[in-house]
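Working notes, structure below.
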Amino acid sequence: MAPHGAPLRRAADGAEQLVAGRRDVTVPTDGPTEVAEIADVVNRLAAALDLSEGRQRDFLLSVSHELRT
């Protein structure tokens, strides 16, 4: 059986991976309700960061293209 703090530790590890620049982070949403909610928020944050950074890349590619032409 996993230690009681394992789900929260996984959520914290996922957040640390986001800080390190990884965007493919997925945290299991098991454990007590409050911990599952935190894991869900970490997962949604990872998706939002990935989307935002994708938009930023697209914008920079567009601006770069416009400056070249």
Side-chain angles (χ1 to χ4, degrees):
M1 181 173 209
H4 293 296
L8 189 55
R9 181 73 255 155
R10 285 192 302 266
D13 290 344
E16 288 291 337
Q17 291 175 34
L18 289 173
V19 168
R22 287 196 51 198
R23 297 299 180 254
D24 60 341
V25 175
T26 303
V27 178
T29 55
D30 58 354
T33 302
E34 295 86 355
V35 176
E37 289 173 0
I38 290 170
D40 182 57
V41 169
V42 170
N43 291 337
R44 289 188 290 139
L45 177 60
L49 285 170
D50 188 49
L51 179 65
S52 176
E53 290 173 356
R55 288 178 178 162
Q56 182 181 17
R57 277 188 302 276
D58 291 345
F59 172 76
L60 291 174
L61 286 171
S62 177
V63 168
S64 175
H65 175 73
E66 290 299 320
L67 289 173
R68 283 192 305 266
T69 58

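Bear in mind that the values here come from a model prediction, so they are computed numbers and not experimental data.
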(request) Kindly say whether A48 contributes a backbone atom to a donor-acceptor pair with the side chain of S52 at under 3.5 angstrom? (result)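 Checked: no pair found.
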
Looking at [atom1] of [X] and [atom2] of [Y], how far apart are the two atoms once the value is rounded to the nearest 0.5 Å?
| X | Y | atom1 | atom2 | result |
| --- | --- | --- | --- | --- |
| L67 | L60 | CG | CG | 10.5 Å |
| Q56 | L51 | CD | CG | 12.0 Å |
| R23 | L45 | CZ | CG | 8.0 Å |

(message) Is the shortest side-chain heavy-atom distance between D30 and R10 below 4.5 Å?
(response)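 A side-chain contact under 4.5 Å exists here.
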
Which atom pair, heavy atoms only, marks the closest approach of [X] to [Y]?
| X | Y | result |
| --- | --- | --- |
| V27 | A39 | CG1-CB, 3.6 Å |
| L18 | A46 | CD2-CB, 3.5 Å |
| A36 | G31 | CB-O, 4.4 Å |
| I38 | L8 | CD1-CD1, 4.2 Å |

(message) Quick one, E37 with T33, criterion side chain to side chain contact (heavy atoms under 4.5 Å, CB included). Give me CA distance, side-chain angles, the key distance, then yes/no.
(response) CA-CA 6 Å; E37 289 173 0; T33 302; 3.6 Å; yes

